[in-house]
Amino acid sequence: MEKLKHKILKEGKAIGTQIIKVDGFVNHQIDVKFMEELGEALAQRFAGEKVDKILTVESSGIAIACLTAPHFGYPPVVFAKKSVPNTLSEEFYHSEAKSFTKGTTSHIVVSRSFLSPGDRVLILDDFLAHGQASLALVRIIEQAQAHVAGVGIAIEKAFQGGRRKLEQEGLKVESLAIIDKIQDGKVFFG
Ligand code: 5GP
């Protein structure tokens with residue numbers, strides 16, 4: 001999506017060679033009009049798919065998910081929570097995602113009430129890097145005996161290999177902007 005690439009070039013801030021900050025329109029302040037366009041573009045990539053639910057991770061994925069939902073007839077947007085409740089009980093599906101950038105492992109949970117066997121679930125997120133967050137969501141969908149309808153991403157960093165891991169699982173992955181490399185403060189697209 002050319003408009004997203006331009007916005008990243010204009011407003012994004014490269015941190016070293018691995019991270020790009022897009023606080024001005026995704027991660028700290030949301031450009032709602034622009035996010036609507038991202039939602040429409042993501043929905044087009046999965047046109048014809050039956051989507052019963054959209055699944056993302058709090059917090060940055062929520063806006064994109066909510067603005068994609070109208071194009072599928074307003075399915076519920078479920079967001080995995082990063083704070084694991086004290087009593088990790090039978091009520092939750094649970095999965096782990098390693099953060100290569102932070103060097104930490106985060107636990108995510110989704111209440112069993114919000115995913116049902118047979119649901120067709122579209123995974124959406126702001127970034128695809130090493131694929132850990134998306135894979136953690138895939139594992140949760142599997143636990144629910146639901147189906148992954150696909151993985152839709154706003155910004156993919158191709159050099160971190162997440163797509164390969166997801167495609168190895170037979171999943172359809174669609175990204176609106178694919179970054180090939182970040183070097184000397186500049187972003188290069190594929
Ligand atoms: P992965 O799990 O694919 O390694 O990383 C994806 C998750 O980490 C996304 O949910 C996103 O929130 C965060 N993330 C990864 N790379 C970046 C980045 O360059 N910039 C921002 N803002 N978030 C990132």
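Not measured: the values here are computed from a predicted model. Every number for a ligand or one of its atoms is a count from 1 in the order of the listing.
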Show me which atoms of ligand 1 lie under 4.0 Å from any heavy atom of I19.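 That gives atoms 19 (O) of ligand 1.
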Check this for me - ligand 1, [X], N or O atoms closer than 3.5 angstrom, yes or no?
X: Q132; value: yes
X: N27; value: yes
X: A133; value: yes

M35 versus L38: any side-chain heavy-atom pair under 4.5 Å?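 Yes, at least one pair of side-chain atoms sits under 4.5 Å.
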Would you call D23-K21 a salt bridge at under 4.0 Å N-O?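 Yes, charged N to carboxylate O under 4.0 Å.
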Enumerate donor-acceptor pairs with a distance under 3.5 Å from any side-chain N or O in residues 162-174 to protein atoms, sequence neighbours excluded.
residue : atom : partner : partner atom : Å
R163    : NE   : E156    : OE1          : 3.3
R163    : NE   : E156    : OE2          : 3.1
R163    : NH1  : E167    : OE2          : 3.0
R163    : NH1  : V173    : O            : 3.2
R163    : NH2  : E156    : OE1          : 2.9
K165    : NZ   : H130    : O            : 2.7
E169    : OE1  : R139    : NH1          : 3.2
E169    : OE2  : R139    : NH2          : 2.6
K172    : NZ   : R45     : O            : 2.9
E174    : OE1  : R45     : NH1          : 2.9

Check the hydrophobic clustering (I, L, V, M, F, W, Y; side-chain heavy atoms under 4.5 Å; chains of links allowed) and say if M1 and V187 are grouped together.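 Linked within one cluster.
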With side-chain contact (heavy atoms from CB on, under 4.5 Å) as the test, would you mind laying out the steps for R112 and E91 before giving the verdict? CA-CA 6 Å; R112 285 175 182 260; E91 289 166 51; 5.6 Å; no
If we set the cut-off at 4.0 Å for heavy atoms, which region of D126 has an atom near ligand 1: side chain, backbone, both, or neither?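 Just the side chain.
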Under 4.0 Å, heavy-atom basis, I'd like to know which part of S60 is in contact with ligand 1: side chain, backbone, both or neither.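 For S60, no heavy atom sits under 4.0 Å from ligand 1.
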Option of least heavy-atom distance to atom 18 (C) of ligand 1 (set: R163, Q18, K157, Q160):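 Ranked by closest heavy atom to atom 18 (C) of ligand 1, first place is K157.
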Relative to atom 20 (N) of ligand 1, which among I153, L128, I20 owns the nearest non-hydrogen atom?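 Selected option, by shortest heavy-atom distance: I20.
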Protein heavy atom at shortest distance from [atom]:
atom: atom 4 (O) of ligand 1; value: H130 N, 2.8 Å
atom: atom 5 (O) of ligand 1; value: A129 CB, 3.5 Å
atom: atom 10 (O) of ligand 1; value: D125 OD2, 2.7 Å
atom: atom 8 (O) of ligand 1; value: F127 CB, 5.0 Å

I155 CD1 to K5 NZ distance, which is reported to the nearest 0.5 Å: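 One finds 12.0 Å between CD1 of I155 and NZ of K5.
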Applying side-chain contact (heavy atoms from CB on, under 4.5 Å) between V78 and each of L55, I54, T56, report the one that passes.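 The residue from L55, I54, T56 that satisfies side-chain contact (heavy atoms from CB on, under 4.5 Å) with V78 turns out to be L55.
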Under 4.0 Å from atom 16 (N) of ligand 1, is there at least one protein heavy atom?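 Protein heavy atoms within 4.0 Å of atom 16 (N) of ligand 1 - there is at least one.
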Give the intermediate values and the outcome of salt bridge (charged side-chain N to carboxylate O under 4.0 Å, His left out) for residues D52 and K50. CA-CA 7 Å; D52 300 312; K50 181 177 176 286; 2.8 Å; yes
What residues form a ring pair (Phe, Tyr, Trp, His ring centres under 6.0 Å) with F34, not counting sequence neighbours?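 Only F25 meet the ring pair (Phe, Tyr, Trp, His ring centres under 6.0 Å) criterion with F34.
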contact_flag A97 ligand 1 heavy-atom lt 4.0 Å: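 For ligand 1, residue contact (heavy atoms, under 4.0 Å) with A97 is absent.
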